[in-house]
Protein chains: 2
Amino acid sequence: MVRKTKEDAELTRQKIVDAARTVFLARGVSKSTLEHIASQADVTRGAVYWHFKNKTEIFHAIREQVFLPLIDRMDDTLAITADNSQNPLDQIEASMCHTIQELNDNVEMREIYEIMMIKCEYVDEFALVLHQIMNNCSSLVEKIEVAYAHAQSQNLLASTLTPRALALDTHLFFGGLLHMWVKDADGSKFRYQALELIKSHIKLRRK
Amino acid sequence: MVRKTKEDAELTRQKIVDAARTVFLARGVSKSTLEHIASQADVTRGAVYWHFKNKTEIFHAIREQVFLPLIDRMDDTLAITADNSQNPLDQIEASMCHTIQELNDNVEMREIYEIMMIKCEYVDEFALVLHQIMNNCSSLVEKIEVAYAHAQSQNLLASTLTPRALALDTHLFFGGLLHMWVKDADGSKFRYQALELIKSHIKLRRK
DNA sequence: TATTATATACAAACAGGAATGTATGTAAAG
DNA sequence: CTTTACATACATTCCTGTTTGTATATAATA
């Protein structure tokens with residue numbers, strides 16, 4: 001029973017990607033073999049090699065599942081930031097809280113973040129993934145900076161720091177929070193109070 | 001020319017550890033083979049297997065090079081914190097700046113941090129390394145909290161947040177900074193302004 | 001519409017290197 | 001003379017990439 005329809009084929013492809021996510025999470029990217037992935041997906045390596053050139057391609061397929069939607073959300077955030085009707089500090093706070101909520105609710109996203117952060121070695125071809133991430137960071141910082149600039153012009157800020165300094169501080173805080181959130185798998189140290197931490201962080205800036 | 005003296009043997013051991021650091025950094029821990037490490041150290045796998053049970057043991061040996069001194073420094077920091085003569089906010093700031101300076105000056109430390117953060121997959125036996133790290137984090141937060149409590153009682157704080165909230169925020173900030181510092185290999189985004197970022201972070205709290 | 005041809009979506013078998021751990025050899029230190 | 005500190009050789013397992021086989025969907029053609 002080979003040669004399925006196009007829809008069937010797309011379904012097997014997705015099965016392979018899902019299986020790879022499970023296997024990567026459990027064994028790490030490097031130690032995961034295509035046989036592990038294939039058997040987890042209930043297919044043979046033949047199917048895997050049909051849909052993907054190698055393990056790296058599967059990795060990127062997984063990554064796109066999170067980061068293509070994420071770029072969309074970034075654009076949303078940009079649109080929101082341009083909206084002057086809302087308190088910019090509330091917007092920054094809501095944006096960060098929203099990401100944490102996503103991680104809480106969306107199993108796949110949570111797993112992918114965990115793979116990217118602590119189940120993957122950024123060498124060779126993966127090294128340039130890091131560059132992409134760093135560039136995303138830069139544009140993200142700029143957006144936060146714009147929001148803080150709005151807050152400043154609306155006289156909402158308690159501090160005399162520049163919007164840029166505030167934005168960088170917030171970005172580093174949130175990066176740290178994401179890392180700790182992911183690493184705190186049992187939730188005893190950071191996950192349970194993540195939202196409070198965000199609110200405290202923003203409260204520190206409110207006049 | 002085999003069978004060196006004990007001092008020679010200890011020297012080869014150190015050569016292997018240094019070689020492993022280089023190889024891990026270049027190829028990632030998983031894809032590094034004992035042959036890679038051996039030839040980098042100008043010995044054979046026989047020497048490696050004589051000194052270490054397997055790759056994992058070498059990994060831990062590398063880790064100890066950084067984290068045993070680090071624990072010592074933590075105790076120093078604790079001692080300093082108990083000293084009431086100095087401004088606690090200055091102490092926190094100096095402590096973070098000192099770590100960044102270490103990373104700037106100490107090549108080995110920099111490389112080891114990079115290996116631990118982005119050249120290593122935390123699976124199986126490595127998973128419990130993460131637990132150790134998280135526990136270190138907890139005690140570190142507590143120390144920062146004590147310092148903020150001192151600052152509060154000396155009326156040095158601008159905010160009404162609890163010392164605990166401030167400490168967590170600082171810890172997450174610094175965790176994020178370390179990650180970005182390591183990932184920003186060319187220094188164009190974060191490294192060059194790391195010390196300023198720390199000062200801004202603390203300035204935000206000063207009355 | 002029925003038939004034929006071709007491309008698709010895999011499964012299964014094959015060939016190769018590569019890495020690990022172990023076992024054995026060996027020369028010098030103690 | 002024994003143990004140490006390795007080097008060398010060996011056995012085995014594992015993983016990868018490719019090749020071949022094949023049943024069927026789908027397009028082409030008559």
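What's counted below: heavy atoms across the whole structure, side chains too, no hydrogens, waters or symmetry copies. Nothing here was measured: the structure is a model prediction, and the numbers come from that model. Just so it is clear: chains get the letters A, B, ... in the order the sequence lines come, proteins before strands, and each one is counted from 1.
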Sole residue of B/K199, B/R206, B/H201, B/H98 in side-chain hydrogen bond (donor to acceptor under 3.5 Å, both in side chains) with B/E93: B/R206
A/K31 NZ to C/dT20 P, straight-line distance once rounded to whole Å: 10 Å
Out of D/dT18, D/dA5, C/dG21, whichever nucleotide has its closest atom nearest the side chain of B/W50: D/dA5
Give the nucleotide from the list C/dG21, C/dA11, D/dT16 with an atom nearest to the side chain of A/K55. D/dT16
Quick check for you: among C/dA11, D/dT16, C/dG21, whose closest atom lies nearest to any side-chain atom of B/Y49? C/dG21
Please check: side-chain N/O of B/Q101 versus main-chain N/O of B/C97, any donor-acceptor pairing under 3.5 Å? no
Roughly how many Å is it from NZ in A/K53 to C1' in D/dT16, rounded to a whole number? 14 Å
So what does A/T44 hit on the nucleic acid, given a heavy-atom distance under 4.0 Å: a base, only sugar-phosphate, or nothing? base
In whole Å, what is the span from the CD1 atom of A/I58 to the P atom of D/dT16? 10 Å
Residue B/A47, side-chain heavy atoms: nucleotide from D/dC6, C/dA11, C/dA9 that is nearest: D/dC6
Distance in angstrom units between B/F52 CZ and C/dG21 C1', rounded: 17 Å
By nearest-nucleotide position on DNA chain D, the 5'-leaning member of B/D8 and A/R27 is B/D8
Measuring to OP1 and OP2 of D/dA5, would you say a side-chain N or O of B/H51 lies under 4.0 angstrom away? no
For B/L11 and D/dT4, give me the distance from atom CG to atom P, rounded to whole Å. 20 Å
Between B/Q193 and A/R164, does the side-chain hydrogen bond (donor to acceptor under 3.5 Å, both in side chains) criterion hold? Intermediate values first, please. CA-CA 12 Å; B/Q193 55 179 344; A/R164 173 139 201 90; 5.4 Å; no
Counting heavy atoms from C-beta on, name the nucleotide in C/dT20, D/dT16, D/dC6 closest to the side chain of A/R45. D/dT16
How long is the line joining CZ of A/R13 and P of C/dT8, in whole Å? 16 Å
Ring-plane angle category for B/F59 and B/F24, please: parallel below 30°, perpendicular beyond 60°, tilted otherwise. tilted
Minimum-distance nucleotide to B/T12 side chain [options: D/dT16, D/dC6, C/dC10]: D/dC6
Between C/dA19, D/dG17, D/dA7, which one does the side chain of A/N54 approach most closely? D/dG17
Is it true that the side chains of B/Q91 and B/N87 contain a donor and an acceptor less than 3.5 Å apart? no
Could you give the CD-to-P distance, from B/Q14 to D/dA5, as a whole number of Å? 16 Å
Whole-Å distance between C/dT20 P and B/E35 CD? 9 Å
Counting heavy atoms from C-beta on, name the nucleotide in C/dC10, C/dT20, D/dT16 closest to the side chain of B/T33. C/dT20
